[in-house]
There are 2 protein chains.
Amino acid sequence: MPDAALWTALADPHRRAIVALLLERPRSVGEIVEACGLSQPSTSKHLKVLREAGLVRVRQDAQRRVYALDPGPIAALDAWLAPYRALWNKSLDALGRRLDETPDTPEPPAAKD
Amino acid sequence: MPDAALWTALADPHRRAIVALLLERPRSVGEIVEACGLSQPSTSKHLKVLREAGLVRVRQDAQRRVYALDPGPIAALDAWLAPYRALWNKSLDALGRRLDETPDTPEPPAAKD
DNA sequence: GCGTTATATACGCGTCAAGGAATATGACCG
DNA sequence: CGGTCATATTCCTTGACGCGTATATAACGC
């Protein structure tokens with residue numbers, strides 16, 4: 001089960017926006033500030049939350065701090081989600097199982113009705 | 001992108017517990033109250049949030065209301081998660097854990113650095 | 001109808017998180 | 001060493017959320 005901090009971090013739309021930004025590529029705080037239209041302190045605080053949830057890592061580049069996504073927690077989210085896939089796989093079974101082929105997906109335990 | 005209400009709903013640990021309970025099987029409010037140890041009104045309020053997020057559906061059975069999971073929103077979460085899968089697939093690879101190269105892995109869009 | 005069971009809503013309270021303004025820290029450049 | 005840029009932190013206010021108690025609604029059995 002993902003840590004509570006992970007959910008709390010992703011519960012905020014601004015933070016999800018930041019995460020989406022960082023999915024494209026790592027960015028400095030200034031870029032993030034400009035991209036999501038928040039004030040710099042607010043952005044810094046959101047980044048702190050994301051940092052403490054383990055979602056992002058910082059690389060210090062001179063005065064700039066470049067934030068990048070850390071895949072771990074999102075993978076944990078995916079793992080949390082795994083048991084629920086049986087739910088809609090059941091209904092979309094006709095479409096085939098090609099929705100996802102992650103190699104580490106252990107077949108969820110017996111989801112029968 | 002999943003609705004904000006979905007994230008808000010899942011941000012609460014009790015609500016995630018309820019969702020997990022409903023994954024096993026649909027349950028009445030009374031069962032949920034007993035299972036997660038909250039007061040009945042609190043549970044009802046959490047169920048309301050889950051309902052408004054579309055995560056659960058209610059079936060009225062006499063005086064009882066049986067709640068069941070709705071796969072839709074969780075599928076939406078999975079869809080939101082999809083772009084991020086490339087991240088940890090890539091990072092596992094970068095760590096040198098050559099997972100037999102997964103020759104059949106359909107690389108989703110744009111994996112740039 | 002009445003009482004009982006099952007669930008929902010209203011109200012009040014405490015806590016927590018978000019946002020802005022101001023300020024602090026820290027690294028670069030001269 | 002002083003100035004400046006980039007980022008973090010602090011203080012404060014405000015609004016949302018969660019909980020519990022008490023109450024309302026609705027369906028059942030008699």
Side-chain angles (χ1 to χ4, degrees), chain A residues 1-22 24-70 73 77, chain B residues 1-22 25-70 73:
Chain A
M1 176 175 54
D3 195 65
L6 174 59
W7 287 101
T8 311
L10 288 175
D12 186 89
H14 290 136
R15 286 194 289 261
R16 286 199 303 280
I18 292 177
V19 165
L21 277 174
L22 295 182
E24 303 173 13
R25 56 182 168 84
R27 310 211 183 206
S28 73
V29 177
E31 288 180 274
I32 299 172
V33 166
E34 206 175 328
C36 62
L38 284 174
S39 71
Q40 180 267 315
S42 275
T43 306
S44 251
K45 274 181 284 188
H46 283 306
L47 286 171
K48 180 177 190 176
V49 175
L50 292 171
R51 229 187 304 135
E52 288 172 349
L55 272 162
V56 299
R57 284 167 306 156
V58 202
R59 181 185 57 119
Q60 183 138 8
D61 173 52
Q63 315 98 305
R64 291 188 185 159
R65 309 232 177 155
V66 179
Y67 280 80
L69 271 188
D70 188 324
L77 237 190
Chain B
M1 178 174 54
D3 195 65
L6 174 59
W7 288 101
T8 311
L10 288 175
D12 186 88
H14 290 136
R15 285 194 290 261
R16 287 200 301 279
I18 292 177
V19 165
L21 278 174
L22 295 183
R25 56 180 167 86
R27 309 211 185 208
S28 73
V29 177
E31 288 181 272
I32 299 171
V33 166
E34 206 175 326
C36 60
L38 284 175
S39 70
Q40 178 267 315
S42 275
T43 307
S44 251
K45 274 181 285 187
H46 283 305
L47 286 171
K48 182 178 188 175
V49 175
L50 291 172
R51 229 186 305 135
E52 288 172 349
L55 272 162
V56 300
R57 284 168 304 155
V58 203
R59 181 184 58 117
Q60 182 137 11
D61 173 51
Q63 316 98 307
R64 290 187 186 163
R65 309 230 176 156
V66 179
Y67 281 79
L69 270 188
D70 188 324

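So that the names make sense, note that chain A is the first sequence line, chain B the second, and so on, each numbered from 1. Predicted, not measured: the structure shown is a model, and the values here were computed from it.
Nearest nucleotide to the side chain of Gln63(B), out of dG26(C), dA27(D), dT7(C): dA27(D). Side-chain atoms of Leu47(B) lie closest to dA8(C) of the nucleotides dT9(C), dA8(C), dG19(C). Relative to the side chain of Arg64(B), the nucleotides dA6(C), dC28(C), dA18(C) differ in distance, and dA6(C) lies closest. With distances taken from any side-chain atom of Pro41(B) to the nucleotides dT7(C), dA22(D), dG20(D), the minimum falls on dA22(D). Side-chain proximity of Val29(B) to dA21(C), dT7(D), dA8(C): nearest is dA8(C).
Put simply, Arg15(B) has a side-chain N or O that comes within less than 4.0 Å of OP1 or OP2 on dG18(D). Close to dG20(D), at under 4.0 Å from its OP1 or OP2, lies a side-chain N or O of Ser42(B).
By the 6.0 Å contact criterion, CZ on Arg64(B) is open, its count of non-hydrogen atoms from other residues, nucleotides or ligands being 12 or less.
Once rounded to the nearest 0.5 Å, the distance linking CG of Leu77(A) with CG of Leu55(A) reads 8.0 Å.
In summary, Arg25(A) and Glu31(A) engage in a salt bridge, as defined by a charged side-chain N under 4.0 Å from a carboxylate O.
Counting atom types as modelled, Gln40(A) pairs a side-chain N or O with a base atom of dA8(D) as donor and acceptor under 3.5 Å.
For His14(A) and dA16(D), the NE2 to P distance is 15 Å, given to the nearest whole Å. When the P atom of dT7(D) is taken as reference, atom CZ of Arg27(A) falls 14 Å away, rounded to whole Å. A straight line from CG of Leu38(A) to P of dG20(C) spans 7 Å, rounded to a whole angstrom. At whole-Å resolution of the value, OH in Tyr67(A) and C1' in dT7(D) are 8 Å apart. Whole-Å rounding puts the Asp61(B) CG to dC28(D) C1' distance at 12 Å. A straight line from CD of Gln60(B) to P of dA26(D) spans 10 Å, rounded to a whole angstrom. Spacing between atom CG of Leu10(A) and atom C1' of dA17(C) amounts to 16 Å, rounded to whole angstrom units. Straight-line distance from the NE2 atom of His46(A) to the P atom of dA17(C): 13 Å, rounded to whole Å.
Using a 4.0 Å heavy-atom criterion, one finds that Ser44(A) contacts the bases of the nucleic acid, with or without backbone contacts as well. Within the 4.0 angstrom heavy-atom criterion, no nucleotide atom of any strand lies near Thr43(B). Residue contacts for Lys45(A): at a heavy-atom cut-off of 4.0 Å it reaches a base atom on one of the strands shown.
When each of Ala62(A) and Asp12(A) is assigned the nucleotide of DNA chain C with its nearest heavy atom, Asp12(A) is the one assigned upstream, toward the 5' end.
Residues Ala53(A) and Ala9(A) share a closest heavy-atom pair of CB-CB, 3.8 Å. Among all heavy-atom pairs drawn from Thr8(B) and Arg15(B), the shortest one is O-NH2, 3.0 Å.
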